[in-house]
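Notes to accompany the following structure.
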Amino acid sequence: MWVYDPDTLRFLIVNNAAIDLYGYSREAYAGMTVLDIRPAHERQRMITAVHQRTDMERAERWTHLKADGSMVEVLTYGRGVRFNGRDAILAIVQDRTEVNAAHREVSDTRSLLDSIVDNLPVGVFVKDMEADGLYIIFNEACGEIIGRNPADVVGRSDHIFFGDAQSAAFREQDMRAFAAPAAIGFEETMHRADGVPRVLRTVKRALPSPDGSPPRYLLGISQDVTEERSVETRLAYMAMHDALTGLPNRAFFAEHIKREAVLATAETPVALLYLDVDHFKHINDSKGHAAGDALLCQVAGRLTQLADGNDLVARLGGDEFALLMRFREPGCIERFAESLLTSLSSPFDLDGVSEHVTCSIGIALAPDHAEDNDVLMRHADLALYAAKESGRSTYRFYEPSMRLEAERRHMLTVELREALQKNQFELYYQPIVQLENDSLGGFEALIRWNHPERGLIPPMDFIPVAEETGLIVPIGEWVLREACRTAAAWPKDLKIAVNLSVSQFRHNSLLASVVSALDESGLCPQRLEIEITESVFLADVGQSLPLLKALKELGIRIAIDDFGTGYSSFSYLRAFAFDKIKLDRSFVAGIDTDPGNLAIVRAVVGIGSGFNATTLAEGIETEEQLQALRREGFDEVQGYLLGRPMPLSQAQALIAAGASRPAAGRR
Ligand code: C2E
Ligand code: MG
Ligand code: MG
């Protein structure tokens with residue numbers, strides 16, 4: 001406090017606190033005016049205030065200058081007094097520096113918190129529950145989520161922004177969360193200001209009041225999870241559906257059948273149909289994958305169309321589809337299967353090209369054929385297998401004999417594996433005679449299985465199973481090695497013919513095993529002849545052709561076996577330069593009775609010379625047949641008449657006999 005002269009502005013008296021605050025001694029004050037404790041920029045204001053007495057009787061903020069040159073923020077209060085008999089002014093000054101700093105800190109902290117809340121990447125809001133849920137905090141992220149300016153929201157409540165139903169729902173959530181001891185999460189679709197629906201996830205809880213009194217505010221934290229949810233939904237959909245056809249996939253199907261088969265009763269039976277497009281691979285390979293895909297989509301479309309809305313149509317993978325349907329009266333499944341076959345037999349439009357296909361269907365019924373869904377699926381599979389076996393383009397119901405057949409095949413597989421280990425296979429050799437000079441040209445190696453109990457088993461009884469299970473690969477390798485090794489010991493003018501299966505062509509190990517068989521045995525490649533059937537082309541042209549060419553480049557001769565039994569032989573002849581054509585024995589059998597066969601035999605001779613391929617006729621059993629084929633100009637013959645397939649010892653004896661002509665062939 002001090003008293004000063006309003007005319008001279010001189011200090012008249014100062015108290016101790018003023019001395020402490022400003023750092024001037026009492027003596028120093030005596031020679032100072034109140035302007036001396038003002039920074040330069042405040043002095044004019046001070047003079048004006050004193051003259052006009054504007055700072056009297058009220059608190060004013062000032063910045064004062066201390067003796068050390070630092071500033072002090074003060075609040076002053078002036079009033080007129082009489083001092084030593086004249087008018088003077090009493091100034092009461094309060095140092096506000098620290099208080100102001102503290103205030104500034106508080107407000108800084110507040111704006112810091114505000115800015116944090118505003119910049120949080122999640123929506124944060126606070127509602128005053130005692131004021132009808134008015135928003136008192138609503139951050140930027142919240143504004144973005146609902147598509148509104150936060151400033152418009154604060155001070156208002158939900159019903160201004162959302163429809164009645166939506167705000168009622170929010171209100172209900174608020175009440176629940178406000179009463180709950182812990183936070184509660186909610187998720188729902190709400191419409192933004194622009195009408196766009198968004199999925200909102202919000203956690204709400206009552207904010208505990210600092211003094212322990214009942215809470216007043218509700219805190220909410222919101223997130224827009226629309227994208228997240230749609231990705232999740234899409235992923236879930238993708239996991240359960242086939243991308244190509246949009247049908248439920250195998251996983252979906254497996255889940256579904258688990259439930260349905262359990263529910264199947266004698267009154268509400270269930271039929272499971274497995275459907276497979278016949279020779280689909282051929283279409284895929286010959287027409288391209290796009291055409292294959294288009295076909296599958298159209299098959300899916302027809303199946304869905306024929307099925308009842310309650311039936312499940314699924315794509316299990318590849319060209320395999322499944323239908324699960326409930327049925328009431330007996331006979332309706334047969335009718336349905338027939339309608340499927342009919343529908344699928346009408347041509348498909350594959351990019352402007354019409355394509356005919358057929359399908360095979362296997363059917364198992366629950367609870368008739370199986371109560372357990374795994375068994376049901378297995379049985380439908382067996383029925384499908386049977387439908388394929390019986391010539392395709394048909395349907396089959398499961399029968400117990402199919403299971404026995406499957407078990408037999410399984411047993412056979414186990415035994416075949418063992419046979420390979422225990423060396424139970426043997427090669428028989430059937431002579432091939434060159435008609436030009438009636439000399440032995442070589443042998444065809446034909447596999448036999450010396451079964452310990454069942455004796456000698458012909459290839460037709462085990463090769464198909466070996467092909468199905470892939471065992472043909474190791475068996476085929478053995479045949480190649482054995483045949484090459486054997487032939488390497490024969491006179492150099494004798495060739496060896498080896499049969500290869502389609503499934504061997506699907507393994508890329510084939511070329512390597514041929515090369516290593518030749519290498520190990522030292523057999524000259526020109527003496528090895530590989531026999532394939534047209535089915536190699538049916539299976540996969542793309543893969544087989546380069547392989548055949550590679551084999552041919554090694555110097556190996558390639559023969560087409562059982563010629564005439566496939567269904568578009570000519571295109572294969574054009575696609576690949578075969579060294580030999582082996583006419584199937586069925587044409588030889590009827591040569592002397594059926595003029596049609598003779599015509600075919602002649603045609604084959606013509607084709608052979610046209611393509612520069614050796615012609616061989618298989619299955620010669622009679623002299624008449626031999627004469628006829630000789631007459632027609634075949635290069636080579638093979639058949640029981642000239643020699644049955646025989647064990648190696650006999651073949652060697654035949655070779656050793658030196659006549660280079662098999663006994664039966666000599667006339
Ligand atoms: P393929 O290659 O057409 O072999 C000729 C089949 O006709 C042989 O039957 C042979 O015994 C039989 N055959 C020969 N001459 C006559 C005849 O005058 N009359 C009659 N009725 N039949 C005759 P096999 O040995 O039972 O072989 C059957 C088929 O098994 C072969 O037909 C061949 O496709 C396949 N095969 C044989 N050995 C192998 C092999 O090592 N690997 C593969 N992948 N298949 C083989
Ligand atoms: Mg053959
Ligand atoms: Mg043949």
Side-chain angles (χ1 to χ4, degrees), residues 416 419-420 424-433 441-450 455-487 495-507 510 513-514 517 528-536 539 557-566 578-591 614 616-626 628-629 634 636-648 650-651 662 664-665:
L416 272 177
L420 202 57
Q424 291 170 359
F425 294 116
E426 186 183 348
L427 287 186
Y428 271 41
Y429 298 89
Q430 185 176 31
I432 294 171
V433 173
F443 293 86
E444 175 175 4
L446 295 157
I447 194 170
R448 300 290 181 265
W449 178 7
N450 283 311
L456 211 59
I457 303 180
M460 277 318 155
D461 289 0
F462 64 90
I463 291 284
V465 172
E467 285 174 341
E468 249 172 62
T469 54
L471 274 174
I472 191 68
V473 173
I475 293 177
E477 276 176 14
W478 176 84
V479 171
L480 268 169
R481 270 202 314 276
E482 180 71 9
C484 290
R485 197 175 56 83
T486 305
K495 295 191 173 68
I496 182 80
V498 174
N499 295 282
L500 289 192
S501 289
V502 195
S503 32
Q504 285 174 269
F505 273 79
R506 286 200 204 110
H507 284 82
L510 180 62
S513 49
V514 172
L528 176 63
E529 200 163 80
I530 278 174
E531 297 190 4
I532 59 156
T533 58
E534 287 163 339
S535 52
V536 165
R557 292 163 54 83
I558 313 287
I560 184 154
D561 204 353
D562 302 342
F563 186 77
T565 53
F578 285 99
D579 298 288
K580 185 184 273 190
I581 299 172
K582 294 187 80 170
L583 179 66
D584 190 70
R585 69 164 183 266
S586 55
F587 299 100
V588 173
I591 193 170
T614 307
L616 182 149
E618 293 185 276
I620 316 287
E621 293 184 359
T622 67
E623 273 299 336
E624 290 72 35
Q625 289 165 349
L626 182 64
L629 290 158
F634 262 80
E636 297 180 344
V637 284
Q638 196 182 341
Y640 290 172
L641 180 72
L642 306 130
R644 286 181 176 257
M646 56 188 83
L648 178 60
Q650 281 180 35

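Just so you know, ligand 1 is whichever comes first in the structure, and atom 1 is the first atom listed for that ligand. Since the model is a prediction, treat every value here as computed from it, not as a measurement.
Close N/O approach between Glu467 and ligand 1 is not found [any backbone or side-chain N/O within under 3.5 Å]. At least one N or O atom of Ile447, backbone or side chain, sits closer than 3.5 Å to an N or O atom of ligand 1.
Only side-chain heavy atoms of Pro645 come within less than 4.0 Å of ligand 1; its backbone N, CA, C and O stay farther off. Contacts between Ile620 and ligand 1, counted as non-hydrogen atom pairs separated by less than 4.0 Å, involve the backbone only. Contact annotation: for Lys582 versus ligand 1, there are no heavy atoms closer than 4.0 Å. In Asp561, the part holding a heavy atom less than 4.0 Å from any atom of ligand 1 is the side chain.
Side-chain contact annotation: Ser535 with Thr533, donor-acceptor N/O pair under 3.5 Å present.
Residue contact annotation: Gly619 has a non-hydrogen atom under 4.0 Å from ligand 1. The shortest heavy-atom distance from Gln638 to ligand 1 is not under 4.0 Å. Not a single heavy atom of Arg644 lies less than 4.0 angstrom from ligand 1.
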Derivation and outcome, side chain to side chain contact (heavy atoms under 4.5 Å, CB included), residues Leu471 and Phe462: CA-CA 10 Å; Leu471 274 174; Phe462 64 90; over 6 Å; no
So Phe634 and Leu583, side chain to side chain contact (heavy atoms under 4.5 Å, CB included) or not? Walk me through it. CA-CA 10 Å; Phe634 262 80; Leu583 179 66; 3.9 Å; yes
Please step through side chain to side chain contact (heavy atoms under 4.5 Å, CB included) for the pair Ile560 and Glu534, ending with a clear verdict. CA-CA 7 Å; Ile560 184 154; Glu534 287 163 339; 3.6 Å; yes
I would like to know whether Thr614 and Asp579 meet side chain to side chain contact (heavy atoms under 4.5 Å, CB included); could you show each step before the answer? CA-CA 6 Å; Thr614 307; Asp579 298 288; 5.8 Å; no
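Backbone or side-chain N, O or S atoms of Asp562 do not reach the Mg ion (ligand 2) at under 2.8 Å.
Using a 30° and 60° split on the angle between ring planes, Trp449 and Phe425 fall in the tilted class, from 30° to 60°.
Residues Val536 and Leu500 form no side-chain contact, since every pair of their non-hydrogen atoms from C-beta on lies 4.5 Å or further apart.
Remark: ligand 1 atoms within the under-4.0 Å shell around heavy atoms of Arg585 are 6 (C), 7 (O), 12 (C), 13 (N), 20 (C), 21 (N), 22 (N), 23 (C). Each of the atoms 17 (C), 18 (O), 19 (N), 20 (C), 21 (N) of ligand 1 lies under 4.0 Å from some heavy atom of Glu621. Counting the atoms of ligand 1 from 1 in the order shown, those under 4.0 Å from a heavy atom of Val479 are 41 (O). Under a 4.0 Å criterion applied to the non-hydrogen atoms of Glu531, ligand 1 contributes the atoms 2 (O). Applying the 4.0 Å criterion to heavy atoms of Ser501 picks out, from ligand 1, the atoms 44 (N).
For Gln638, the side chain to side chain donor-acceptor pair (under 3.5 Å) test picks out Gln430, Glu444, Lys582, with sequence neighbours left out. Taking Glu624 as the reference, nothing meets the salt bridge (charged side-chain N to carboxylate O under 4.0 Å, His left out) condition, with sequence neighbours excluded.
Interatomic distance, CG of Leu427 versus CG of Leu648, reported as 8.5 Å (0.5 Å rounding).
The atom of Glu444 nearest to the Mg ion (ligand 2) is OE2, with the search restricted to N, O or S atoms.
Computed with the Mg ion (ligand 2) at the centre, the Asp561 OD2 to Glu531 OE1 angle is 80°, stated to 10 degrees.
A salt bridge links Glu529 and Arg557; the closest N-O separation between the charged side-chain nitrogens and carboxylate oxygens is under 4.0 Å.
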